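This report refers to the structure that appears directly beneath it.
Predicted model only: the values in this text are computed from it and were never measured.
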Amino acid sequence: MTGPAPSPAFVAGATGYVGDALTRLLASRGASVAAHVRPDSPRLAEWRARCAAARAAADATPWDEDAMAAALAARRPAAVYALLGTTRRRGDGYEAVDYGLTSLLLRAAVRAARDTGTTPRVVYLSAVGADADSRNPYLAVRGRVERELRASGLPWVSARPSFITGPDREESRPAERIAATVTDAALFLPRMIGARRIADRYRSTDAEELARALARLGVDGEGIVTGELLRHG
Ligand SMILES: NC(=O)c1ccc[n+]([C@@H]2O[C@H](COP(=O)([O-])OP(=O)(O)OC[C@H]3O[C@@H](n4cnc5c(N)ncnc54)[C@H](OP(=O)(O)O)[C@@H]3O)[C@@H](O)[C@H]2O)c1
């Protein structure tokens with residue numbers, strides 16, 4: 001596979017649908033990739049093997065700011081990807097995971113950059129409609145992370161896709177698949193009448209399409225990037 005790849009890259013959320021696709025894509029392009037797997041993951045051994053097969057390095061640094069800053073300082077990534085998130089069904093909480101761990105990673109990246117004199121680009125996987133003032137907790141935490149990215153002093157990108165889904169997702173999420181299918185169908189008309197930009201913003205994407213865009217954005221992306229620019233990577 002050809003295309004740009006930031007190297008080295010650090011991928012947090014590497015065991016997720018998007019993180020796994022991105023890790024494999026970057027590694028296939030010859031990038032040095034550290035794929036973060038939480039140390040308490042019951043599938044740690046399996047992920048170590050999957051990373052080795054993809055020619056990526058599994059990194060099981062604890063979710064602790066000092067430890068994460070030290071790991072990033074040692075690896076000196078050109079891009080730090082924050083692709084974490086939980087679901088209501090899992091119950092870990094948007095505040096603790098989507099906001100808390102992402103914010104911890106960002107603070108660790110800022111410290112590592114300062115300590116090593118490097119300027120990694122932080123690429124955050126947000127969502128369409130992210131807004132710190134939203135009453136929707138999912139959108140609000142993403143808006144708060146974006147506010148911290150802006151204030152971080154590092155180069156940053158926030159990718160705001162609509163639904164991310166595909167038949168290749170390991171975890172079954174039927175409600176999400178149905179919602180994505182209905183949304184995509186509703187966008188057929190706007191596409192037909194030429195409102196392609198709007199349709200592209202809200203149409204669903206799959207992990208491989210998004211991974212191609214994230215690889216490109218990790219090299220030269222800037223600021224908020226919405227759906228229409230997350231395609232055709
Ligand atoms: N799905 C969508 O339609 C959609 C749309 C827009 C934006 N997004 C956002 O995009 C991001 C990635 O999406 P995805 O579909 O790739 O998600 P995913 O498949 O659910 O992967 C989530 C990642 O977060 C990690 N994670 C979850 N809970 C954790 C915890 N308590 N501690 C440490 N790590 C934890 C998971 O690790 P484990 O494997 O160890 O659990 C996994 O690596 C998420 O922020 C999501 O909200 C999703």
Side-chain angles (χ1 to χ4, degrees), residues 4-16 18-19 22-23 26 31-40 56-86 92-127 130-134 137-161 211 213-225 230:
S7 186
F10 185 93
V11 181
T15 59
V18 179
L22 179 69
T23 297
L26 294 178
S32 159
V33 188
H36 185 262
V37 184
R38 49 174 147 170
D40 57 342
D59 181 316
T61 300
W63 277 107
D64 166 85
E65 188 176 324
D66 291 343
M68 200 57 90
L72 292 172
R75 294 192 180 275
R76 297 180 172 232
V80 175
Y81 287 93
L83 313 181
L84 294 158
T86 188
D92 300 333
Y94 297 139
E95 185 66 31
V97 178
D98 302 40
Y99 173 73
L101 297 185
T102 305
S103 179
L104 183 156
L105 180 70
L106 177 58
R107 290 194 302 276
V110 169
R111 279 173 53 181
R114 189 190 57 215
D115 293 349
T116 57
T118 55
T119 49
R121 174 172 271 98
V122 181
V123 182
Y124 171 52
L125 187 49
S126 182
D131 177 358
D133 297 322
S134 172
Y138 177 84
L139 297 175
V141 295
R142 282 165 175 74
R144 284 162 58 204
V145 171
E146 290 181 351
R147 201 156 58 190
E148 292 185 9
L149 283 167
R150 259 184 219 102
S152 70
L154 293 177
W156 63 276
V157 183
S158 179
R160 288 186 178 181
L214 294 175
R216 174 170 42 79
L217 293 171
V219 175
D220 59 10
E222 273 177 43
I224 307 273
V225 180
L230 295 175

Under 3.5 Å donor-acceptor pairs involving side-chain atoms of residues 74-85, not counting sequence neighbours:
{"residue": "R75", "atom": "NE", "partner": "D59", "partner atom": "OD2", "Å": "2.8"}
{"residue": "R75", "atom": "NH2", "partner": "D59", "partner atom": "OD2", "Å": "3.3"}
{"residue": "Y81", "atom": "OH", "partner": "L214", "partner atom": "O", "Å": "2.8"}

Legend entry - Check: R121 side chain, G221 main-chain N or O, donor-acceptor pair, under 3.5 Å: yes
Inset, instruction - Decide, yes or no, whether a salt bridge links R111 with D66 under the criterion of side-chain N to carboxylate O below 4.0 Å. - result: yes
Inset, instruction - Identify the two heavy atoms, one from V123 and one from G218, that lie closest to each other, and give their separation to 0.1 Å. - result: CG2-CA, 3.8 Å
Inset, instruction - Kindly compute the distance separating CH2 (W156) from CG (L217), expressed to the nearest 0.5 Å. - result: 12.0 Å
Inset, instruction - Start with the C-alpha gap between R216 and D220, add the side-chain angles, then the distance that decides, and say whether side-chain contact (heavy atoms from CB on, under 4.5 Å) holds. - result: CA-CA 7 Å; R216 174 170 42 79; D220 59 10; 4.3 Å; yes
Inset, instruction - Compare every heavy atom of S32 with every heavy atom of S7, then report the nearest pair and how far apart it is. - result: OG-N, 3.0 Å
Inset, instruction - Using the side-chain hydrogen bond (donor to acceptor under 3.5 Å, both in side chains) rule, collect all pairs that involve residues 97-108, keeping only residues at least two apart or in two chains. - result: E65-R107, D98-R142, Y99-E148, S103-R107, S103-E148
Legend entry - Heavy-atom pair with the smallest gap, counting every atom of G143 and A130: N-CB, 4.0 Å
Legend entry - Distance, nearest 0.5 Å, that separates CZ of R144 from CG of L139: 12.5 Å
Inset, instruction - Please name the pair of heavy atoms, one in V122 and one in A109, separated by the smallest distance, quoted to 0.1 Å. - result: CG2-CB, 4.4 Å
Legend entry - Mutual orientation of the aromatic rings belonging to F10 and H36 [parallel < 30°, tilted 30-60°, perpendicular > 60°]: tilted
Inset, instruction - Specify the closest pair of heavy atoms between L105 and A12, including all atoms of both residues, with the distance to one decimal. - result: CD2-CB, 3.7 Å
Inset, instruction - Starting at OG1 of T15, measure out to CZ of R38 and round the result to the nearest 0.5 Å. - result: 7.0 Å
Legend entry - Identified side-chain contact (heavy atoms from CB on, under 4.5 Å) partner of M68 from the options L101, L106, T61: T61
Legend entry - Nearest heavy atoms of A112 and A73, plus distance in Å: CB-N, 3.6 Å
Legend entry - Heavy-atom side-chain proximity of P6 to L26 below 4.5 angstrom: yes
Inset, instruction - To the nearest 0.5 Å, tell me how far L154 CG sits from L149 CG. - result: 9.0 Å
Inset, instruction - With sequence neighbours excluded, tell me which residues meet side-chain hydrogen bond (donor to acceptor under 3.5 Å, both in side chains) with T116. - result: T118
